[in-house]
Amino acid sequence: MSRIELPKAYDASKTEDSIYKSWEESGFFNPDSLKNTKDYFSIAMPPPNATGVLHTGHATMLAIQDLMTRYNRMSGKKTLWLPGTDHASIATQTKVEKIMAKENLTRHQLGRDKFLERVDEFVEDSRNTIKNQVRKMGSSCDWSRERFTLDEGLNKAVVTAFEKMYTDGLIYRGDRVVNWCPRCHSTLADDEVEYKEQQAKMYTFKYHKDFPFTIATTRPETKLGDTAVAVNPKDERYKKYIGQEFDVDFVGVSLKLKIIADRNVDMEFGTGALGVTPAHSHVDYQMAIENKLPIVKVIDKDGNIEVGFGEFSGQSVIAAREAVVEKLKNQGLLEKEEDIKNNLSICYRCGTAIEPLPSLQWFVAVDKPFKLKDKSKLKWDKDEATLKELSIHVIKNNLIKIVPERFEKTYFHWMENLHDWCISRQIWYGHQIPVWYRDQEISVGQSQPASDSWTQDEDTLDTWFSSALWTFSTLGWPEETDDLHNFHPTSVMETGYDILFFWVARMIIMSVYCLNDIPFETVYLHGLVRDENGVKMSKSLDNAIDPLDMIEKYGTDALRLSMLIGVTPGNDFKLYDDKVESYRNFVNKLWNISRYVLTSVEEVKLVDQLPGAKTLADKWILSRLSQTIEGVNKNMASYNFSLAGESLQQFTRDEFADWYLEIAKVEKNKDEILLYILQNILKLWHPFIPFITEELWQNFTSDKLLMIEKWPEAEFKIDEKSITDIKRIQDLIVNIRNLRSENKVEPAKKVAVTVIVGENEILVNNESAVIKNLARCESLTVMASGEKPVNNVGTVTTDGLEIYLDLTGIIDTVAETERINKDIIETEKYIASLKAKLANEEFAANAPEVVVNGEKEKLKTAEEKLAKLQNQLNNLK
RNA sequence: GCACGCUUAGCUCAGUUGGUUAGAGCAUCUCGUUUACACCGAGGGGGUCGGGGGUUCGAAUCCCUCAGCGUGCACCA
């Protein structure tokens, strides 16, 4: 008799926190406490924003990374998953400024030092929130190594990297047209700029009545700073003017305009002539450099017109635009005003329109060669390389593999078009640029030079500069630590594909430079989580699912499964209640399988040794376990986590629970095998659903944790004869099923099958239960050769066996008609409900277009189905 | 404009170098079950795998083409 009593249903909320506590206290999250020696495995956790809260994107990454971590730990590797948080400079600063705004305080009133103190306080408070939420997901990361992008060690890494690059000439200060956000008062990297389509006006005008031709623009106010007009060298209309200079009075501002030729000018667009504003357009700036044109600044850092432009000075960009247009109109110079659609550049943080502005910034040169200290790790044969070359090289030569592979193409495209990376940001929170100035002197380093009167650069570094060092700065670099030696390059970088460029590419750049090595061997990119209607989750739409709600409702394990199974790398997936609920049901199934085994066996114990297989059913289930283990291993190695999970699910439910457990109810003495299989199932499931498996494991032993158990091996080798026998039984079952369907046996109707045993002995050995279960027969009679059942309707012979089918009922057209009619009624109901929904005014007014289209699509398919059903009905008649 | 991806059951999605009768979950229907599990079981219906063409003994899978949808990048004077 068993002494174990388990509740009927698994209650995740009662167990998860205490299980996590016991893991954390065990110290096994720390690889130093593992006896594993086989190999090293490491993942650097993409650091969530220190002031953020857990969202579904975090939950996804944590589920996948914990899966890999636990799998590798159990497989015997010294496994490190290093957690941390990111200071997220702009996001955090904005957050604190917003809070201060409620007290009518600005950062400038507070001053830099006081303001930073305040930010630090805020970060310190909220950092624990996200850390505890990471724990909720069951993350088995080593908290003793936790890092923060602004902590002392990382700060040192940042300065070291900066200094090294500066010395090598890869970091330089220069005047460039940068993307300026007048609201954030900071520059943005090219990839931080987003585009929004909008209605704009295109104005066609002459600078002055004496100027020979017209130009077109959407931004007349910037024309105050024009220093040239560019035309296509092939353009017959303007050829004769090229090289000429014109002094014009443009709405009261005098301009000196040179006519230049540039083959990038589109003759078809506008008038084919383009006013060149070097200070406020990237393209025009390039032209100005090439043609040595003067650069005139028109717009200041607040988005207003600079001094020196008469009446326009001080006006906002929009006001100045209207004023300029008004004046042109009055002077009769405005030829045309038309509505067009164009893409407005906006700030990805605040949505404000970007102003291209020339300013003094720090850059990382991506096309400048530098000397490599070590060429071996990167398999690079020259002494010199540029950052761009090396970053492309490591992917092209498979030193780093991207999963899914197709993102390699996007990566190359991006890398090949990469411009120098602007790394200075005009905000306070972050790594202040480690550069000091005194008169004409510059000093770069960890701290201010000893003497006085040096002032540090006011700007801070782009957040991604410090994150780019993440894989190695967290392991102690620039010191030559054991951790760095053991765990770098990290095994996998797991993150969303949306930050492939922001982050992944920059980690590669910085790692090949700082270490002359790759930062990771594989990049695994997961998709983004979307809501039920396929819309990206966001706060403003209020469609976000809170992972913590899901955990509370269905348990962490269920949430993890819904993010691991049915999901493929690089593809977005939808998350919704029903899905999580069904995985909760599966988790509960596993609970009840265990409950049955635990309460039915004579003695609950660990079965380490492969038990002997007595019957064919035993051999079958043991061989299926071995196959499952091999399949899981293969799929884990190839990052097909979903397939690994699916095969486990199939084995657990369809084979072990639905079939073998049923057999075990009939055939006794299977305790050893039941325990053996169950224990292996728990191990196999552990990386996916750590909580429930650990909880169940504690029924077998109280002093060992499942999280460090040895990963199962496929030990059962099935003999040839059994394979043949199983094959025969399978054939037999297929035949019985075919017989049923050929004779149109309604599935619910009882069916008696009689098998006449001829020469074949496979049924003699009490295997009839196996067949009965697999063929889903109500009864199975084994008769001696020569006899014959009475109500036989069908016969099939296989392998010396004669199979007869006894039926108590055959499907008829009346029943079929009835069923189709019912289906029709259901479909009609469904169509009616869809129509009602679409007709609903409130729905029509509020639902996003995607949703409405989705409903219409549903209606269409439902109507098609209805037509089909009616067709079928007619055919029956 | 360039590139990439997606299109498989009513819905959400799997489907690993081409290979038995294309799978799962949800929904729906039928039958059953309350001593492992109603957070349950058995089963049914529902798919010309977006359309067309090609390669092959064999295509959801490979190639071409068209359509719809989505994403990224670039340009927008």
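Each chain gets a letter, A, B and so on, in the order the sequences are listed, and its residues count up from 1.
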> Salt bridge or not for A:E221 and A:R219, using N-O below 4.0 Å?
Replying inline: yes
> Can you check the A:M202 CE to B:C75 P distance for me, whole Å?
Replying inline: 16 Å
> So, do A:W685 and A:F688 have ring centers that fall under 6.0 Å from each other?
Replying inline: yes
> If you measure from the P atom in B:G52 to the same atom in B:U8, how many Å do you get, rounded?
Replying inline: 15 Å
>> Using a 4.0 Å heavy-atom cut-off, does A:T218 contact any base of the nucleic acid, only the sugar-phosphate backbone, or nothing at all?
In response: sugar-phosphate
> Rounded to the nearest Å, what distance is computed from the CZ atom of residue A:R530 to the C1' atom of nucleotide B:C6?
Replying inline: 12 Å
>> Between B:C63 and B:U21, how far apart are the two P atoms, rounded to whole Å?
In response: 24 Å
> Within the structure shown, what part of the strands sits under 4.0 Å from A:V276 by heavy-atom distance: base, sugar-phosphate, or nothing?
Replying inline: nothing
> Under 4.0 Å: is that the gap between some side-chain N or O of A:K8 and OP1 or OP2 of B:C37?
Replying inline: yes
> Taking only N and O in the side chain of A:K589, is any of them less than 4.0 Å away from OP1 or OP2 of B:C37?
Replying inline: no
>> As a quick check of understanding, evaluate side chain to side chain donor-acceptor pair (under 3.5 Å) for A:K223 and A:T277, giving each step before the final call.
In response: CA-CA 6 Å; A:K223 302 291 108 184; A:T277 320; 3.2 Å; yes
>> Using atom C1' in both nucleotides, what's the gap between B:U34 and B:A27 to the nearest angstrom?
In response: 25 Å
> Please give, in whole Å, the distance from B:A14 C1' to A:N635 CG?
Replying inline: 12 Å
> What is the distance from CG of A:N592 to P of B:A36, rounded to the nearest Å?
Replying inline: 10 Å
>> Let's test this: given Watson-Crick or G-U wobble pairing with both distances under 3.5 Å, identify the partner of B:G70.
In response: B:C4
>> At less than 4.0 Å, is any side-chain N or O atom of A:K579 found next to OP1 or OP2 of B:G25? Yes or no.
In response: no
>> Please compare A:K634 and A:R406 by the position of their nearest nucleotide in RNA chain B and report the one closer to 5'.
In response: A:R406
>> Closest approach to the side chain of A:D578, judged atom by atom: which nucleotide of B:C26, B:G72, B:A42 is it?
In response: B:C26
> Which whole number of Å gives the distance between the C1' atom of B:G68 and that of B:G51?
Replying inline: 11 Å
>> Assuming nearest nucleotide by heavy-atom distance, tell me which of A:S582 and A:L274 is located more 5' along RNA chain B.
In response: A:S582
> Taking atom P in both B:C26 and B:A22, what distance in whole Å separates the two?
Replying inline: 22 Å
> Which residues within residues 561-572 of chain A lie with some heavy atom under 4.0 Å of an atom in RNA chain B?
Replying inline: A:G566, A:T568
> In whole angstrom, what separates A:Y596's OH from B:C39's C1'?
Replying inline: 20 Å
>> With a 3.5 Å limit on both atom pairs, tell me what B:C40 is paired to, counting Watson-Crick and G-U wobble, or say none.
In response: B:G32
> In terms of side-chain geometry, is the basic nitrogen of A:R584 or A:D557 positioned less than 4.0 Å from the acidic oxygen of its partner?
Replying inline: no
>> Among B:C73, B:C26, B:G25, which nucleotide has an atom closest to any side-chain atom of A:R653?
In response: B:G25
> Quick one: does A:I545's side chain get under 4.5 Å of A:M550's, heavy atoms only?
Replying inline: yes
> Mind checking who B:G45 pairs with, Watson-Crick or G-U wobble, both distances under 3.5 Å?
Replying inline: none
> Looking only at atom C1', what distance separates B:C2 and B:U17, rounded to whole Å?
Replying inline: 31 Å
>> Less than 4.0 angstrom between a side-chain N/O of A:R584 and OP1 or OP2 of B:C39, yes or no?
In response: no
> Between A:T204 and A:E335, is a side chain to side chain donor-acceptor pair (under 3.5 Å) present by the stated rule, with each step listed?
Replying inline: CA-CA 5 Å; A:T204 307; A:E335 187 174 286; 5.7 Å; no
>> Once salt bridge (Lys or Arg N to Asp or Glu O under 4.0 Å) is applied, do any residues pair with A:D671, and if so which ones, sequence neighbours excluded?
In response: none
> Between A:F407 (CZ) and B:G5 (P), how many Å, whole number?
Replying inline: 10 Å
>> In whole Å, I'd like the distance from the CG atom of A:D498 to the P atom of B:C73.
In response: 11 Å
>> With a 3.5 Å limit on both atom pairs, tell me what B:G58 is paired to, counting Watson-Crick and G-U wobble, or say none.
In response: none
> Which whole number of Å gives the distance between the P atom of B:G47 and that of B:A24?
Replying inline: 15 Å
> So which nucleotide does B:G25 pair with, by the Watson-Crick or G-U wobble rule with both distances under 3.5 Å?
Replying inline: B:C11
> Taking the same atom, P, in B:G15 and in B:C6, what whole-Å distance lies between them?
Replying inline: 10 Å
> Roughly how many Å is it from NZ in A:K574 to P in B:U7, rounded to a whole number?
Replying inline: 12 Å
> With respect to the side chain of A:Y576, which nucleotide from B:U12, B:A14, B:C73 is positioned closest?
Replying inline: B:U12
>> Do the side chains of A:K14 and A:E695 get close enough for a salt bridge, i.e. N-O under 4.0 angstrom?
In response: no
> Counting side-chain heavy atoms from CB outward, which of B:C4, B:A36, B:A42 is closest to A:A657?
Replying inline: B:A36
> Is any NZ, NE, NH1 or NH2 atom of the basic residue among A:R653 and A:D658 found under 4.0 Å from an Asp or Glu carboxylate oxygen of the other?
Replying inline: no
>> Does A:L590 form a side chain to side chain contact (heavy atoms under 4.5 Å, CB included) with A:Y10? I'd like the steps, not just the answer.
In response: CA-CA 9 Å; A:L590 183 59; A:Y10 170 60; over 6 Å; no
